[in-house]
Peer 1: 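Below is a structure I'd like to ask you about.
Chain letters run A, B, ... following the sequence lines, proteins first and then strands; every chain starts at 1.
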Amino acid sequence: GFYPSPQHNKTSKREYDDEEFVYKPKKVKTEHDKKAKKRKHEDKLFFSSGNYTTDKDINSYYICHICPFSWVVFLLFVVIRWEEERSTDGSKWRFLEHKGPVFAPLYEPMPDKVKFYYDGKPMKLSAPAEEVATFFAKMLDHEYTTKDIFRKNFFKDWRKEMTSEEKTKITDLNKCNFSEMNEYFKAQSEARKQMSKEEKQKIKEENERLLQEYGFCLMDNHKERIGNFRIEPPGLFRGRGDHPKMGMLKRRIRPEDIIINCSKDSKHPKPPPGTKWKEVRHDNKVTWLASWTENIQGSIKYIMLNPSSRIKGEKDWQKYETARRLKKCVDRIRTQYRDDWKSKEMRIRQRAVALYFIDKLALRAGNEKEEGETADTVGCCSLRVEHIKLYPKMDEQEYVVEFDFLGKDSIRYYNKIPVEKRVFKNLQLFLENKQPEDDLFDRLNTSILNKHLQELMDGLTAKVFRTYNASITLQQQLKELACPDDSLPAKILSYNRANRAVAILCNHQRAPPKTFEKSMQNLQTKIDEKQNQLSAARKQLKAAKADHKASHDDKSKKAVELKRKAIQRIEEQLMKLQVQATDREENKQIALGTSKLNYLDPRISVAWCKKWDVPIEKIYNKTQREKFAWAIDMAEKDYEF
DNA sequence: CCGCTGACTTGACCTGATGTGG
DNA sequence: CCACATCAGGTCAAGTCAGCGG
């Protein structure tokens with residue numbers, strides 16, 4: 001039959017390899033690579049030699065403009081040499097100097113009057129046990145602490161911190177009473193809010209000092225902002241969704257856990273007195289400044305630069321260039337995967353249908369995950385039979401597929417879409433003889449898919465489709481929604497709507513704000529008031545007109561004009577409110593931030609602002625403008641993604 | 001291949017700061 | 001000026017993807 005039984009998997013996979021080899025001779029690939037490399041290189045030059053500036057860059061920017069010719073030549077020379085170096089050996093920087101991370105504040109024991117009770121009796125805990133207890137006490141109001149797994153994991157890890165006496169005594173979490181501790185912390189945070197202006201100012205200044213000292217590094221002659229210079233404090237692990245490790249103790253990170261990365265010829269960061277770094281290395285093939293291994297999943301955490309930094313900006317820019325290259329060949333790729341739906345090989349059909357979903361629905365790739373280590377979530381390649389339902393007919397539509405699964409961060413993806421008949425028939429085939437918990441695409445994984453994509457276009461991976469489809473959707477929507485005569489608020493509403501279309505495509509959700517209903521009501525009240533105001537003003541105008549008709553004097557004429565203006569103003573205010581209400585209502589469960597920050601080519605937005613005369617501040621706040629400085633500098637009003 | 005690890009991007013949520021209207 | 005709502009920024013979990021060694 002067409003569908004090979006599982007034991008044939010191996011043979012089939014080997015066939016796949018042989019065939020790929022024939023399909024894509026090495027020689028062709030090298031040619032292709034060379035061209036791509038050249039293009040990449042040219043683009044990079046444009047990026048670096050363009051008016052790309054940040055605050056730190058401002059000197060060279062100005063000098064460049066005062067004496068354009070010599071500086072352009074000089075900078076080009078430096079840039080070319082450096083680009084040459086970077087493109088050949090993959091190094092990310094030449095010089096890197098920083099002060100190392102800031103550690104979490106040490107534990108301050110509870111005041112004696114704040115008691116912990118076990119089985120109704122007060123009990124003084126040893127410092128280590130008490131510290132862990134406070135982590136739990138702080139979360140008492142959170143739903144987490146009612147969950148069985150959370151409590152079980154917490155208790156297990158807590159016991160590890162106890163003295164043997166405590167261990168024998170404390171055997172049941174249900175008999176533990178943390179409420180005094182909890183109240184103490186609440187009072188503390190209340191007190192913090194009640195602090196005087198001066199005290200608050202003092203804290204602010206101290207934070208600023210810390211930022212100035214540790215928040216920046218020197219990378220290749222630029223002072224760059226560090227993204228996260230503070231080490232994560234100890235606490236209880238909060239996974240998302242049904243995480244099997246929720247409640248486990250995230251241990252305190254010490255200097256001995258930290259690997260420092262900086263250049264050899266830099267002033268190395270000093271560990272706190274009496275401590276040592278785990279290691280100091282000089283690896284310029286990576287961008288991080290410090291790293292440590294986290295104890296819950298055993299994964300590595302990093303200290304890296306802020307999005308406004310050259311190294312992040314360049315990477316971001318590169319990402320959008322890859323997506324633009326996809327734009328040029330997406331038709332070809334679509335034709336091919338549609339063709340592949342008819343393939344006589346199962347693995348190719350599965351690959352083609354999966355790619356169709358990724359393209360059409362902007363699904364994530366879906367790597368396999370270790371079972372029991374994380375929440376059970378899926379992406380495209382890891383979809384299981386239980387996640388889709390097929391309806392040959394639904395309402396008016398034919399061949400409807402219903403998706404219902406938990407994606408990244410355990411956010412539910414629910415969608416019903418009509419698909420082409422061929423896709424539908426293929427899906428029926430993939431489902432044959434399978435159990436609900438079996439993989440839908442049993443002959444496919446992200447590695448196979450990405451290898452295939454790599455052959456279709458240099459640098460193409462599954463996530464590029466998300467970037468491409470997000471950006472192209474924004475561009476199209478902006479074109480459709482734009483109306484030159486619109487007022488500024490209306491233009492911004494159009495922009496937000498375009499942004500929203502993307503957020504919906506990418507399934508970027510948020511919990512509706514807690515005060516949503518109320519704030520909506522407030523807004524409605526305001527609108528009603530404005531409307532009353534408006535009708536009152538209209539009546540007044542009518543009266544003024546009548547007055548003018550009767551007297552025909554200058555004074556009454558002026559009064560009419562005044563009333564007209566008043567109405568106009570009120571109308572504007574009303575419109576603004578209505579726009580605001582629409583925007584907010586439509587935005588109830590949708591988060592715009594993620595797509596704005598990660599998926600939309602900022603040059604589209606910048607160009608749109610220039611074209612319609614919208615101040616960039618209306619679209620991007622300060623942080624965002626810093627992150628997208630390169631795009632703000634680069635894009636003109638006719639920019640096409 | 002194949003699983004594992006490292007590096008880096010993407011993501012929702014939380015909190016303190018700030019703006020706004022009464 | 002205060003109460004409240006909103007927002008920016010920070011936090012850190014959870015993805016993607018490449019490369020490596022067996």
Peer 1: When you measure from the side-chain N and O atoms of A/T594 to the phosphate of B/dA12, is any distance below 4.0 Å, counting only OP1 and OP2?
Peer 2: yes
Peer 1: What contact category does A/S189 fall into here, base, sugar-phosphate, or nothing, at under 4.0 angstrom with non-hydrogen atoms?
Peer 2: nothing
Peer 1: If the condition is salt bridge (Lys or Arg N to Asp or Glu O under 4.0 Å), which residues does A/E108 pass it with, not counting sequence neighbours?
Peer 2: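 Applying salt bridge (Lys or Arg N to Asp or Glu O under 4.0 Å) to A/E108 gives none.
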Peer 1: Do the side-chain N and O atoms of A/N261 and A/S291 include a donor-acceptor pair separated by under 3.5 angstrom?
Peer 2: no
Peer 1: Applying side-chain contact (heavy atoms from CB on, under 4.5 Å), can you list everything that pairs with A/D316, at least two apart in sequence or on another chain?
Peer 2: A/K319, A/Y320, A/K627, A/F628, A/W630
Peer 1: Checking A/K250 against A/F237: charged group under 6.0 Å from the ring centre and within 45 degrees of the axis?
Peer 2: no
Peer 1: For A/T446, report the nucleic acid contact type (base, sugar-phosphate, nothing); a contact means any heavy atom under 4.0 Å.
Peer 2: nothing
Peer 1: Using heavy atoms and a sub-4.0 Å distance, could you list which residues of residues 462-469 of chain A are near DNA chain B? By number, please.
Peer 2: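 Close to the strand are A/K463, A/R466.
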Peer 1: Scan A/G298 against the nucleic acid and name what it touches under 4.0 Å (heavy atoms): base, sugar-phosphate only, or nothing.
Peer 2: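 No contact.
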Peer 1: Per the side chain to side chain contact (heavy atoms under 4.5 Å, CB included) rule, which among A/I303, A/I226, A/V102 passes with A/Y214?
Peer 2: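 The residue from A/I303, A/I226, A/V102 that satisfies side chain to side chain contact (heavy atoms under 4.5 Å, CB included) with A/Y214 turns out to be A/V102.
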Peer 1: Who are the ring pair (Phe, Tyr, Trp, His ring centres under 6.0 Å) partners of A/W288, not counting sequence neighbours?
Peer 2: A/Y302
Peer 1: Name all residues meeting the side chain to side chain donor-acceptor pair (under 3.5 Å) criterion together with A/E131; count only those two or more places apart in sequence or in a different chain, and write none if there are none.
Peer 2: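 Applying side chain to side chain donor-acceptor pair (under 3.5 Å) to A/E131 gives A/R252.
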Peer 1: May I ask you to list the residues of residues 227-242 of chain A, by number, that have any heavy atom positioned under 4.0 Å from an atom of DNA chain C?
Peer 2: A/R230, A/E232, A/P233, A/F237, A/R238, A/G239, A/R240
Peer 1: Name every residue in residues 355-364 of chain A that has at least one heavy atom under 4.0 Å from any atom of DNA chain C, in order of residue number, or write none if there are no such residues.
Peer 2: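 Per residue number, the list reads A/R364.
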Peer 1: Could you check A/K245, A/H243, A/Q297 and say which one makes a side-chain hydrogen bond (donor to acceptor under 3.5 Å, both in side chains) with A/E373?
Peer 2: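 The option that passes is A/K245.
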Peer 1: Between A/K250 and C/dA13, is there a contact of a side-chain N or O with OP1 or OP2 at under 4.0 Å?
Peer 2: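 Yes.
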Peer 1: Checking all strands, does A/I411 fall into the base, sugar-phosphate, or nothing category for heavy-atom contacts under 4.0 angstrom?
Peer 2: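 Sugar-phosphate contact only - A/I411 comes under 4.0 Å of backbone atoms but never of a base.
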Peer 1: What's the CD-C1' distance between A/E371 and B/dG3, to the nearest Å?
Peer 2: 16 Å
Peer 1: Taking atom CD as the centre, does A/E143 end up with more than 12 heavy-atom neighbours from other residues, nucleotides or ligands that are less than 6.0 angstrom away?
Peer 2: no
Peer 1: Give A/N450 one of three labels, base, sugar-phosphate or nothing, depending on what nucleic acid heavy atoms sit under 4.0 Å from its own.
Peer 2: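 The answer is sugar-phosphate, as A/N450 gets under 4.0 Å only of primed atoms, P, OP1 or OP2.
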Peer 1: Distance check: side-chain N/O of A/Q297 vs OP1/OP2 of C/dA13, anything under 4.0 Å?
Peer 2: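 For A/Q297, the contact criterion (side-chain N or O under 4.0 Å from OP1 or OP2 of C/dA13) is not met.
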Peer 1: Tell me whether the side-chain N/O atoms of A/H243 come closer than 4.0 Å to OP1 or OP2 in C/dA13.
Peer 2: no
Peer 1: Among all residues two or more places apart in sequence or in another chain, which pass the side chain to side chain donor-acceptor pair (under 3.5 Å) test with A/R209?
Peer 2: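 In terms of side chain to side chain donor-acceptor pair (under 3.5 Å), with neighbours along the sequence ignored, A/R209 is linked to A/E206, A/E213.
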Peer 1: Ring pair (Phe, Tyr, Trp, His ring centres under 6.0 Å) with A/H508: which residues, sequence neighbours excluded?
Peer 2: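 With sequence neighbours excluded, A/H508 shows a ring pair (Phe, Tyr, Trp, His ring centres under 6.0 Å) to A/Y599, given in chain and number order.
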Peer 1: Do any side-chain nitrogens or oxygens of A/K369 fall under 4.0 Å of OP1 or OP2 in C/dA14?
Peer 2: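 No, because none of the side-chain N or O atoms of A/K369 sits under 4.0 Å from OP1 or OP2 of C/dA14.
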Peer 1: Can you pull every protein N or O that's under 3.5 Å from an N or O on nucleotides 17-21 of chain B?
Peer 2:
none

Peer 1: With DNA chain B as reference, determine whether A/Y144 or A/K319 sits nearer its 5' end, using the nearest nucleotide of each.
Peer 2: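 Mapping each residue to its closest nucleotide by heavy atoms, the 5'-most match is A/K319.
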Peer 1: Hey, what are the protein-to-nucleotides 20-22 of chain C N/O distances that come in under 3.5 Å?
Peer 2:
none

Peer 1: Of A/D376, A/D404, A/D439, which is the lone residue that meets salt bridge (charged side-chain N to carboxylate O under 4.0 Å, His left out) with A/R384?
Peer 2: A/D376
Peer 1: Between B/dA7 and A/K92, is there an OP1 or OP2 to side-chain N/O distance shorter than 4.0 Å?
Peer 2: no
Peer 1: When all nucleic acid strands are considered with a 4.0 Å heavy-atom cut-off, which category describes A/E294: base, sugar-phosphate, or nothing?
Peer 2: nothing
Peer 1: Using a cut-off of less than 4.0 Å, is there contact between a side-chain N or O of A/K312 and OP1 or OP2 of B/dT9?
Peer 2: yes
Peer 1: Would one find a side-chain N or O of A/T287 under 4.0 angstrom from OP1 or OP2 of B/dC8?
Peer 2: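 Yes, within the criterion.
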Peer 1: Please list, chain by chain and in numerical order, all residues satisfying ring pair (Phe, Tyr, Trp, His ring centres under 6.0 Å) with A/Y144, sequence neighbours excluded.
Peer 2: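 Partners of A/Y144 under the ring pair (Phe, Tyr, Trp, His ring centres under 6.0 Å) test: A/H142, A/F150.
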